[in-house]
Amino acid sequence: MTTDEVRGWFAGRLPAGLFEELVDVAVDREEITVVGRIPKPEVAADASDAERAATVEGRIAEFRERTREARMAVAREAEHRFDRKVSWGVECDERRALFTHVAAPVMTRLRQPERQVLDLLVSGGVARSRSDALGWCVRLVQQHTEDWLAELRESLTHVEEVRRRGPEAS
């Protein structure tokens, strides 16, 4: 199963009009995250930034509640078909909001120098725990290496395709 296949399934299965556009479908070992664009609310031209932000927050909350049953019906089908949890999110007026999504535990062994970095982040108030500190480090790397990570993701897509066409494919 490729990300393109999962994206295609969702594009065909989502109820008409649920999203203005299917923006992103991300797949990993535990979860499929589906993000769609919803219409931005109309706001008076003289509205403050705070009012605009609150209006967008309200639109996102309204969408989440109104579409819950339809999204959960699709999620149940997808979870059965792809053996992964499905999480949802929206983009509205340049703001992305993810609804409940999986926080998967990841086990790792760290040597003392790495643990000391995590402990410094905790002591400095950057993170509440070593786990939070490790998540913070991953997000920082992701933020500063997005081009490299995008290239790596693209190369893995090619690897998946070659594996799919391999001798055991038939």
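Being a predicted model, the structure only gives us computed values, none of them experimental.
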Going by atom type alone, with no hydrogens or angles, which donor-acceptor pairs under 3.5 Å involve a side-chain atom of residues 40-48 and a protein atom two or more places apart or on another chain?
| from | atom 1 | to | atom 2 | distance (Å) |
| --- | --- | --- | --- | --- |
| S48 | OG | E51 | N | 3.1 |

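- Counting only residues at least two apart or on different chains, the side chain to side chain donor-acceptor pair (under 3.5 Å) pairs with a member in residues 87-109 are E31-S87, R37-E91, E57-R95, R64-T100, E91-R96.
- L118 approaches C137 most closely through the heavy-atom pair CD2-SG, 4.2 Å.
- Taking all atoms of both residues into account, the shortest heavy-atom contact from E154 to H158 is O-CD2, 3.1 Å.
- Counting heavy atoms from C-beta outward, V90 and F19 have side chains that approach closer than 4.5 Å.
- In the hydrophobic clustering of this structure, I38 groups with M72; members are Ile, Leu, Val, Met, Phe, Trp, Tyr whose side-chain heavy atoms approach within less than 4.5 Å, directly or through other members.
- Note that the CG atom of D119 and the CD atom of Q116 stand 7.5 Å from one another [nearest 0.5 Å].
- Put simply, CD on E79 and CD1 on I32 are 8.0 Å apart, with the number rounded to the nearest 0.5 Å.
- A heavy-atom distance below 4.5 Å is found between the side chains of L18 and F63.
- Within the 4.5 Å cutoff, side-chain heavy atoms of P15 are placed close to those of V74.
- The 12-atom threshold is exceeded at CZ of R153, counting heavy atoms of other residues, nucleotides or ligands nearer than 6.0 Å.
- Taking all atoms of both residues into account, the shortest heavy-atom contact from L98 to V35 is CD2-CG2, 3.9 Å.
- With respect to W136, the side chain to side chain contact (heavy atoms under 4.5 Å, CB included) criterion is satisfied by exactly one of V122, V141, V126: V126.
- If you take CG on D147 and CG on L152, they are separated by 12.5 Å, rounding to the nearest 0.5 Å.
- The hydrophobic cluster containing W9 also contains V25, counting ILVMFWY residues as joined when their side-chain heavy atoms lie under 4.5 angstrom apart, directly or transitively.
- Atom CD of E62 sits about 6.5 Å away from atom CZ of R59, to the nearest 0.5 Å.
- Summarising the geometry of V102 relative to K85, their closest heavy-atom pair is CG2-CB, 3.8 Å, with the distance given to 0.1 Å.
- Taking CG of L134 as the start and CG of L121 as the end, the distance is 10.0 Å to the nearest 0.5 Å.
- F82 has its side chain out of reach of V27: every pair of non-hydrogen atoms, C-beta onward, lies at least 4.5 Å apart.
- Rounded to the nearest 0.5 angstrom, R164 CZ and E5 CD are separated by 6.5 Å.
- By the rule that hydrophobic residues join a cluster once side-chain heavy atoms approach within less than 4.5 Å of another member, L14 and F99 end up as members of one cluster.
- Residues satisfying the salt bridge (charged side-chain N to carboxylate O under 4.0 Å, His left out) test with R29, not counting sequence neighbours, are none.
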Stepwise, does the salt bridge (charged side-chain N to carboxylate O under 4.0 Å, His left out) test hold for R68 with E65?
CA-CA 5 Å; R68 183 180 309 273; E65 292 304 316; 2.4 Å; yes

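- The shortest side-chain heavy-atom distance between T33 and D24 does not fall under the 4.5 Å cut-off.
- Between the E151 side chain and the W148 main chain, no donor and acceptor come within less than 3.5 Å of each other.
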